Amino acid sequence: MPQIAAPKGTRDILPDEFAARRWLLDAHAAVAESFGYRGIETPIIESTELFSRGVGTDTDIVEKQMFTFEDRGGRSLTLRPEGTAGTLRAVLGAHLDQELRPVRLHYAGPFFRAERPQAGRQHQFTQVGIECIGEGSPALDAEIIEVAWRFFKALGIDGIHLQVNSLGSPEDRARYRTALVAYYTPLEASLCDDCRRRLHTNPLRLLDCKRDAGLVAAAPILWESLDRPSRDHFTTVLRDLESAGIDAIRNDRLVRGLDYYGHTVFEFWHDILQGAQSSLGGGGRYDGLAELLGFPSTPATGYALGVERILMVARAVGTVPSDPAATDVLVCSVEPGQAEAAAGVARLLRDAGMHSILDVAERRLDRKLRGASRAGARVAVIVGENEVGSDSAVVRDLDGRSQQTVPIAELASTVIRILARDSVAETAIGEDS
RNA sequence: GUGGCCAUAGCUCAGCUGGUUAGAGUGCCAGGUUGUGGCCCUGGAGGUCGCGGGUUCGAAUCCCGCUGGCCACCCCA
């Protein structure tokens, strides 16, 4: 029988990676919460309509990247390809914005897109994100960028490039769209197939095209179509970023792939990912999305970041910490007769807060000790016939290679002392180098 | 979705232009006599050579299809 493998474009998170992810996820939650953002979790399946209406029918995501299926009642459901629409639906549906504005939220979870997989691009991937709902102030655009910025800092990642742009108001964009169409229409015959289609469906996306790069360079500038309030909004964002010490690069051609954005949009990049997908995430203001979903008009801003890609960067620059869940102690019996006593000792150590592995296998003691070091334990506790008889245990310091016999009553404190000494030594070494 | 490259033990790979029971290193398990580790020695387990067809007296090795991975495009996380 053929073995069953994980579906194409999906990946198991094995223990080594699990610890690194938890490190990243915890860091994001901690930074977001330091700004007053609270956690939220929404369904992984949503009505297909949430995305077709919210994200936009002419976007790549809705056109060809969604996993959509029918439930038994004939309703069309979709594995969520992004998190903003669902979060906004949840918040406005529960009227959270009627209690305290803005509503500040952070989240983390799996998302799904049906693009052809390659490194850094999976059918199922993970995003962390925040949404700030109910207020239109440019200060909040800057705030969310600052959250992301501090998050990268918390992970020890330098060299993040931040690109920002303003899409302006709906009226600004209508004006710009007209200008773009006027510019491109005479050139229609020379455009690539995609661009010819975009010209009629979604002219802003023309700026994304790399093949017609020459034409893009000469195209009208978005900024010139923005009215005074829109310019002021963006100028304020730029000023706030500067005073927060965040380096932002203006990119007139940055439009983002989702229809619901307006005013501020931004993306984060890192050069070290060169071959792979180098965008770590992005976001922006989406004041119009609430109405598209049938809710009262509500301003909001947010971002989403790709966990797998950020981990690739963190691994490449070497800032991923070693597994904090590593074992402290391995407790082993010498012969089967001491299994019960050894179990009791392990229990006692766990009660005292230590991570203790119990090894009562019928195996040579030297193998058990070898296993102890390999499991990452820094102390081995040996429970043999002599120890059971004298109500004591042998505590062996695996790094120092020394050992002592102590009464059970003093066991926990003795082990704790050894562990504390080791961790002090480790940090000292870490700080020196 | 389009094009290209790849697929041999848990891991890293060897296997020349098709020829007898497919190898190495490493890892794993066990032993090196009676309760002590990260070294060493010995032994062992582990592969339908991704899957399915075809060519051939004979295929891991050639051809086709499929699946999966990677790369580029596209797009983004």
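Convention: sequence-line order gives letters A, B, ...; per-chain numbering from 1. Because the structure is predicted, anything quoted here is derived from the model rather than measured.
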Task: Nearest heavy-atom neighbours spanning Y261(A) and G284(A) - done: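 Scanning both residues completely, I find the closest heavy atoms to be CE2-N, 3.3 Å.
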Open item on the list: Does rC70(B) have OP1 or OP2 under 4.0 Å away from a side-chain N or O of R11(A)?
Closed with: yes
Task: Distance, P atom - from rA59(B) to rA14(B), rounded to whole angstrom - done: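 Per the computed distance, 24 Å lies between those P atoms.
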- [ ] Take atom C1' in rG46(B) and the same atom in rU34(B), then report the distance between them in whole Å.
- [x]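 The answer is 32 Å between these two C1' atoms.
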Open item on the list: Does R205(A) contact rC75(B) through a side-chain donor or acceptor facing the base, at a distance under 3.5 Å?
Closed with: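 Side chain to base: no pair present.
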Would you classify [X] as touching base, sugar-phosphate or nothing, given that sugar-phosphate means primed atoms plus P, OP1 and OP2, and contacts are heavy atoms under 4.0 Å?
X       : result
E308(A) : nothing
E115(A) : base
G9(A)   : sugar-phosphate
R113(A) : base

Task: Pairing nucleotide - rG10(B), Watson-Crick or G-U, each distance under 3.5 Å - done: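 When the pairing criteria are applied, rU26(B) turns out to be the nucleotide that pairs with rG10(B).
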TODO: For R121(A) and rC70(B), give me the distance from atom CZ to atom P, rounded to whole Å.
DONE: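 From R121(A) CZ to rC70(B) P: 10 Å.
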Task: R11(A)/E17(A) ion pair, N-O < 4.0 Å - done: no
- [ ] Sugar-phosphate means primed atoms, P, OP1 and OP2; the rest is base. With that split, encode nucleotides 26-36 of chain B 5' to 3' as B, S or - using protein heavy atoms under 4.0 Å.
- [x] --S-SBB--BB
